2 protein chains.
Amino acid sequence: MTAKEMAAALCERGVRPTPQRLAVYEFLCMHPIHPSADTVYEAVVEHNPHFSRTTVYNSLRALMQAGLVQELSMDADEKHYDANTSLHGHFHCRHCGSITDFPLEPTMVQSLTPTGYTALGQGIYLSGLCPACQP
Amino acid sequence: MTAKEMAAALCERGVRPTPQRLAVYEFLCMHPIHPSADTVYEAVVEHNPHFSRTTVYNSLRALMQAGLVQELSMDADEKHYDANTSLHGHFHCRHCGSITDFPLEPTMVQSLTPTGYTALGQGIYLSGLCPACQP
DNA sequence: TTTTTAGTTTGTAATGATTACAAATATATA
DNA sequence: TATATATTTGTAATCATTACAAACTAAAAA
């Protein structure tokens, strides 16, 4: 996705494409590593030394409310952010620490849902060893 | 599970069954509501006004390390605790706020795991409407 | 039983992520 | 250009959790 397309994506969702919001969104799109707010801040402040931590939180909230970014609660210590808003799960490697997406079909979520319940959202987290870290 | 059985469970796992740890474990077993540390504290301090918040955290950590209690990261704002250590998922009702367990088969987790990965743990969270809150 | 030792609890202080807030700045509209 | 609105910024506050050291308890040794 080009910078122009990202700006268009924000406009479409009613989010004014300020340079700061674009920087946050661009970083999330270009680095699908599911960073924490602080990791995003460290990255964007490199290019703009005046960037405020609060602006990162504000931007993440705006992007989330617009449905452009997803918030992950993998560990309860800090939140992680993901610009991939399609249905997918997250695998956390206990060895190298990486967090990778994996595909998830709507039918799989449906088959997990107990009868009588209506699932509107999901968080599917697996942890273990990624292919590069197999013993 | 009786109080005696709970004490025995701690001993088996090498956790000294102090009154404080038993109070925490007993509350978790008798109230499968997936409480936060603070909810546990509020409950146990009722019976022992000298109970310290730190002791709740210490006890929860000891019970967790012994494999008697599970830590949940449903929302990233606070951790929740569960004395049910068998394989299961969690459903969070957006209307009434309840968190309920639902069954999960090892084969279901296996079928989610992408090839090349080894899953050692999982957190399967669904959110939506529970049976009592259907529209 | 007394002494010693290790483990546990407690209260307070520190930490760290996140949010609240108000002033400063930028953008859009009239 | 003037005016209203939205956004950014820095600082201070909040809140869950952890660190720490003193007080306490219980188990082991003498």
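Naming: A, B, ... by sequence-line order, numbering from 1 per chain. The structure presented is a predicted model; accordingly, all values stated were derived computationally and were not measured.
Near DNA chain D, meaning a heavy atom under 4.0 Å from it, residues 24-35 of chain B has no residue at all. Residues from residues 1-15 of chain A placing a heavy atom under 4.0 Å of any atom in DNA chain C do not occur.
Between B:Gln20 and D:dT25, a side-chain N or O to OP1/OP2 separation shorter than 4.0 Å is absent.
The hydrophobic side chain of B:Tyr57 is isolated, with no ILVMFWY side chain under 4.5 Å apart from it.
Contacts classified as salt bridge (Lys or Arg N to Asp or Glu O under 4.0 Å) and involving residues 31-44 of chain A (residues at least two apart or in different chains) are given here: A:Asp38-A:Arg53. Sorted by first then second residue, the salt bridge (Lys or Arg N to Asp or Glu O under 4.0 Å) pairs that include residues 81-94 of chain B, not counting sequence neighbours, number zero.
Residues passing the ring-ring contact (aromatic ring centres under 6.0 Å, His included) test with B:His47: none are found, sequence neighbours excluded. Taking B:Glu105 as the reference, B:Thr107, B:Met108 meet the side-chain contact (heavy atoms from CB on, under 4.5 Å) condition, with sequence neighbours excluded. Evaluation of the side-chain contact (heavy atoms from CB on, under 4.5 Å) rule for B:Glu71 yields B:Met64, B:Lys79, B:Tyr81 as partners, not counting sequence neighbours. By the side-chain contact (heavy atoms from CB on, under 4.5 Å) test, A:Thr85 pairs with no residue at all, sequence neighbours left out. Partners of B:His34 according to the ring-ring contact (aromatic ring centres under 6.0 Å, His included) rule, which considers only residues two or more places apart in sequence or in another chain, are B:His90.
The NE2 atom of A:His50 sits 13 Å away from the P atom of D:dT11 (whole-angstrom rounding). The distance from atom CG of A:Leu60 to atom C1' of D:dT8 is 14 Å, rounded to the nearest whole Å. The distance between atom CD of B:Glu71 and atom C1' of D:dT18, rounded to the nearest whole Å, is 13 Å. In this structure, B:Tyr41 places its OH atom 15 Å from P of C:dT9, rounding to the nearest Å.
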Using residues 6-27 of chain B as the side-chain source, report each donor-acceptor pair under 3.5 Å to any protein atom, sequence neighbours left out, with the distance given to one decimal.
{"unit_1": "B:Arg13", "atom_1": "NH1", "unit_2": "B:Ala66", "atom_2": "O", "d": "2.9"}
{"unit_1": "B:Thr18", "atom_1": "OG1", "unit_2": "B:Arg21", "atom_2": "N", "d": "3.1"}
{"unit_1": "B:Arg21", "atom_1": "NH1", "unit_2": "B:Arg16", "atom_2": "O", "d": "3.1"}

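A donor-acceptor distance shorter than 3.5 angstrom exists from the side chain of B:Gln134 to the backbone of B:Leu129, with no hydrogens or angles considered. Under a 3.5 Å cut-off, the side chain of A:Tyr125 and the backbone N or O of B:Ser73 do not form any donor-acceptor pair.
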Check your understanding: Can you give one letter per nucleotide of nucleotides 14-30 of chain C, 5' to 3': B if a protein heavy atom sits under 4.0 Å from the base, S if only from the sugar-phosphate, - if neither?
Key -> ---SBBB------S---
